[in-house]
K.L.:
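Okay, here's the structure, questions in a sec.
The chains referred to below are lettered A, B, ... by the order of the sequence lines, with proteins before strands, and numbering in each begins at 1. As a basis for the values below, the full set of heavy atoms in this structure was taken, side chains included, without hydrogen atoms, waters or symmetry mates. If you're wondering where the values come from, they're calculated on a predicted model, not measured in any experiment.
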2 protein chains.
Amino acid sequence: MNLKELSDILGLSQTTVSRALNGYPEVSEATRRKVQAAAAAHNYRPNTRAKALATGRAMAIGHVIPISTKHEMVNPVFADFLAGAGESYAKAGYDMHLSLVADDDQEHAFRELAAKRNVDGLIVHAPLANEPRIPLLREIGLPFVVHGRSSGETGPYSWLDINNRRAFSRATGFLCDLGHRRVALINGLEHMDFALRRRDGYVSNLIDRGITPDPAMMEAAEMTEINGHHSARAMLDMDNPPTAFLVSSMISAMGVRRAIEERGLVMGRDVSVIAHDDDLSYFKNSDGVDVPMFTATRSSVREAGRQAADMLLTQISHPFSDPENRLLEAELTLGQSTAPPPSKG
Amino acid sequence: MNLKELSDILGLSQTTVSRALNGYPEVSEATRRKVQAAAAAHNYRPNTRAKALATGRAMAIGHVIPISTKHEMVNPVFADFLAGAGESYAKAGYDMHLSLVADDDQEHAFRELAAKRNVDGLIVHAPLANEPRIPLLREIGLPFVVHGRSSGETGPYSWLDINNRRAFSRATGFLCDLGHRRVALINGLEHMDFALRRRDGYVSNLIDRGITPDPAMMEAAEMTEINGHHSARAMLDMDNPPTAFLVSSMISAMGVRRAIEERGLVMGRDVSVIAHDDDLSYFKNSDGVDVPMFTATRSSVREAGRQAADMLLTQISHPFSDPENRLLEAELTLGQSTAPPPSKG
DNA sequence: CAAATTCTCCAAAGCGCTTTGACAAACTCA
DNA sequence: TGAGTTTGTCAAAGCGCTTTGGAGAATTTG
């Protein structure tokens with residue numbers, strides 16, 4: 001069922017039918033109702049491609065998700081972010097276009113996406129501390145919103161980020177206030193901007209308290225359970241092991257917990273842990289009844305997806321507006337995994 | 001840069017330029033080279049929408065991912081599946097279109113996708129034991145491949161699944177061979193087809209051995225860490241607790257481990273666990289060096305994504321071919337989490 | 001060497017929609 | 001009542017591409 005057929009059935013011109021369906025005022029209410037009824041009855045939906053061609057708007061947003069070239073990893077937080085963004089798109093009638101691209105052909109992928117004109121804008125995921133995609137996108141001239149920020153980037157651009165620095169500073173402070181002096185950081189890969197900011201928050205809080213950060217207690221790796229386990233195991237084997245861990249993800253924190261328990265220690269008694277919690281649907285820290293497993297800095301990545309999508313849609317409908325920036329704060333929620341350090345002897 | 005501009009620059013007709021770029025034989029090699037060079041120089045890419053409109057093929061595949069209405073959960077296995085499918089699409093020049101849809105408007109989403117004609121086919125995720133989407137898609141007439149199967153569906157359709165029944169039967173048998181008699185099942189939601197088949201494998205193997213399955217040792221819930229923990233905790237508190245757990249996901253298995261350790265027991269000594277391992281990039285069971293954490297039934301969901309995508313593309317290019325079915329076997333890999341049950345006393 | 005083929009290339013139609021510009025018909029108001 | 005305005009509709013152009021049906025030039029054939 002296409003427009004021509006529908007208008008033939010109605011005995012109206014395509015113009016009138018199109019206008020009736022798209023809410024233009026040049027058509028009487030009586031015919032509009034008739035047209036809408038017929039459209040519904042025949043299950044008519046305008047062909048997206050034809051509509052896009054005619055209007056110049058694709059009504060689709062692209063998500064370019066980098067896959068770690070070396071390890072071919074695809075971060076599970078994307079799933080929840082996409083779920084959030086998807087909600088916003090659905091409300092606005094936009095579609096979602098996904099490209100999963102190896103680190104090393106991002107540029108190609110972006111140019112392709114722009115030249116083929118199949119999206120009206122895109123979301124940049126997982127920005128690096130020095131993010132070449134931002135100037136590239138400015139050059140290409142496609143609206144975009146970055147989920148995160150890029151420290152090396154000085155010009156204006158739209159982003160939505162959480163206050164990683166503050167969250168990790170607070171968490172570090174909280175552990176130190178409990179009496180911990182040997183706090184380890186198990187971070188994500190530190191060419192990623194968020195990881196850098198988290199380290200920054202951690203390091204600066206320690207320094208403010210007169211504690212010299214110990215490089216042996218800082219590790220950066222992809223945030224898997226296995227890596228968390230490896231790093232924590234190595235640190236617990238040190239002569240003077242940390243009494244607390246600050247961990248960049250719930251997933252690596254599970255590995256940290258495993259390492260702690262392998263040593264016969266108890267998390268939340270012998271060793272404290274604070275994890276960052278993206279509030280992933282499959283990795284809830286709390287069931288809403290028991291005390292949460294981990295003390296955590298929490299910020300919903302799904303909500304971030306919703307908001308980033310909304311920002312992008314606004315930007316698309318107001319092309320000459322200034323870039324918008326949003327900084328979300330993470331909550332520090334208390335769980336079972338923190339306590340004062342065990343007294344010696 | 002569009003076709004008209006490019007052909008003006010070259011002093012050729014749009015026809016010739018189009019044909020040169022699309023490999024038609026009606027154009028001399030000399031001009032073809034000239035055209036290709038100019039296209040590359042001007043970074044020309046045909047407008048997807050125009051091309052789609054002209055050819056009738058969208059060159060895009062839709063993925064409709066259900067979001068659990070009740071709990072709003074989006075399963076992390078999708079991320080890895082999509083990564084696999086994305087690889088296949090990229091090779092074939094296809095794009096990926098994503099819809100995240102609440103259970104209860106799946107039908108609407110499908111009809112919409114079909115009527116708007118923005119995909120050439122789609123992948124059905126997470127089929128139920130009785131899956132209404134399959135007859136619906138047949139009616140709509142869009143090519144599709146199901147990731148999984150639907151037991152209630154009798155007609156032919158294309159699917160790719162793993163042998164869940166066999167995998168869980170083997171795992172059950174393995175635990176029994178070690179001497180376990182009280183083996184618990186912590187399953188996914190049992191209106192999902194895969195979960196039903198897994199239970200079937202588990203139950204039938206027990207029965208074959210003359211062990212009566214105990215409903216108190218079978219739990220079905222969304223496969224989160226928290227649910228795994230809850231279920232295992234409850235079972236370990238029974239008068240006669242299980243000595244082994246068969247768990248439908250690595251993620252819930254982590255919760256099971258937590259429950260075991262909370263009781264002061266050691267997994268792989270006091271209590272055995274076998275988990276199903278989708279080989280997710282962020283949840284590897286093994287680092288390739290140490291003995292894997294869990295004894296597991298393993299099948300890469302990423303590879304499933306690759307293959308399902310290939311099947312769909314083949315089906316699209318051969319519209320009248322018969323539906324294809326692929327049953328992948330899961331490996332049973334030995335890890336640290338299984339041992340004979342502790343002897344009594 | 002004329003006729004028949006084969007090579008190259010082109011003009012124009014068509015994909016399904018939106019949107020511009022025109023035009024009757026119906027309504028104003030003096 | 002007639003000029004001016006508003007209302008409701010339509011025909012046709014255009015979005016950027018592919019593809020059909022020729023048509024002239026180059027090549028081969030008898």
K.L.:
Decide, yes or no, whether a salt bridge links A/Arg306 with A/Asp310 under the criterion of side-chain N to carboxylate O below 4.0 Å.
P.N.:
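Answer for the salt bridge query: no.
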K.L.:
If I take atom CZ in residue B/Arg45 and atom P in nucleotide D/dG16, what distance separates them, rounded to the nearest angstrom?
P.N.:
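Atom CZ in B/Arg45 sits about 17 Å away from atom P in D/dG16.
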K.L.:
Between C/dC17 and A/Tyr44, is there an OP1 or OP2 to side-chain N/O distance shorter than 4.0 Å?
P.N.:
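Yes.
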K.L.:
Can you tell me the distance, in whole Å, between the NZ atom of A/Lys4 and the C1' atom of C/dT18?
P.N.:
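So the NZ-C1' distance, A/Lys4 to C/dT18, works out to 17 Å.
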K.L.:
Once salt bridge (charged side-chain N to carboxylate O under 4.0 Å, His left out) is applied, do any residues pair with A/Arg138, and if so which ones, sequence neighbours excluded?
P.N.:
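Counting only residues at least two positions away or on another chain, A/Arg138 forms a salt bridge (charged side-chain N to carboxylate O under 4.0 Å, His left out) with A/Glu153.
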K.L.:
Any chance you could list the contact pattern along nucleotides 9-15 of chain D? Use B for base contacts, S for sugar-phosphate-only contacts and - for none, protein heavy atoms under 4.0 Å, 5' to 3'.
P.N.:
BBBB-BB
K.L.:
Please identify each residue that fulfils side chain to side chain contact (heavy atoms under 4.5 Å, CB included) with A/Gln307, with sequence neighbours left out.
P.N.:
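Once residues adjacent in sequence are excluded, the partners of A/Gln307 under the side chain to side chain contact (heavy atoms under 4.5 Å, CB included) criterion are A/Leu160, A/Glu303, A/Arg326, A/Leu328.
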K.L.:
In whole angstrom, what separates B/Leu6's CG from D/dG16's C1'?
P.N.:
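B/Leu6 atom CG is separated from D/dG16 atom C1' by 13 Å.
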K.L.:
B/Arg133: which residues meet the salt bridge (charged side-chain N to carboxylate O under 4.0 Å, His left out) condition with it, sequence neighbours left out?
P.N.:
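So B/Arg133 forms a salt bridge (charged side-chain N to carboxylate O under 4.0 Å, His left out) with B/Glu131.
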K.L.:
Any side-chain N or O of A/Tyr24 less than 4.0 Å from the OP1 or OP2 oxygen of D/dT7?
P.N.:
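So the side chain of A/Tyr24 is outside the cut-off, no N or O lying under 4.0 Å from OP1 or OP2 of D/dT7.
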K.L.:
In chain order, what residues pass the side chain to side chain contact (heavy atoms under 4.5 Å, CB included) check against B/Asn47, with sequence neighbours excluded?
P.N.:
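For B/Asn47, the residues satisfying side chain to side chain contact (heavy atoms under 4.5 Å, CB included) (neighbours in sequence not counted) are A/Arg117, B/Arg49, B/Ala50.
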K.L.:
Between P on D/dG16 and CG on A/Asn118, what's the gap in Å once rounded to a whole number?
P.N.:
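Between P of D/dG16 and CG of A/Asn118: 15 Å.
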K.L.:
What integer distance in Å separates A/Leu3:CG from C/dC17:P?
P.N.:
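Atom CG in A/Leu3 sits about 5 Å away from atom P in C/dC17.
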K.L.:
What integer distance in Å separates B/Asn47:CG from D/dT18:C1'?
P.N.:
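Nearest whole value for this atom pair: 13 Å.
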K.L.:
Does any pair with a residue in residues 33-44 of chain A pass side chain to side chain donor-acceptor pair (under 3.5 Å), and if so which ones, sequence neighbours excluded?
P.N.:
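Listed by first then second residue: A/Asn43-A/Arg45.
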K.L.:
With a 4.0 Å limit, can you tell me whether B/Lys51 has a side-chain N or O closer than that to the phosphate oxygens OP1/OP2 of D/dT18?
P.N.:
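Result: yes.
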K.L.:
Can you tell me the distance, in whole Å, between the NZ atom of A/Lys34 and the P atom of D/dG8?
P.N.:
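One finds 12 Å between P of D/dG8 and NZ of A/Lys34, rounded.
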K.L.:
Should A/Arg149 and A/Asp161 count as an ion pair when the cut-off is N to O under 4.0 Å?
P.N.:
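Result for this pair is yes, salt bridge flagged.
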K.L.:
Starting at atom CG of A/Leu10, determine the distance to atom P of D/dG8, rounded to an integer number of angstrom.
P.N.:
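Rounded to whole Å, this separation is 17 Å.
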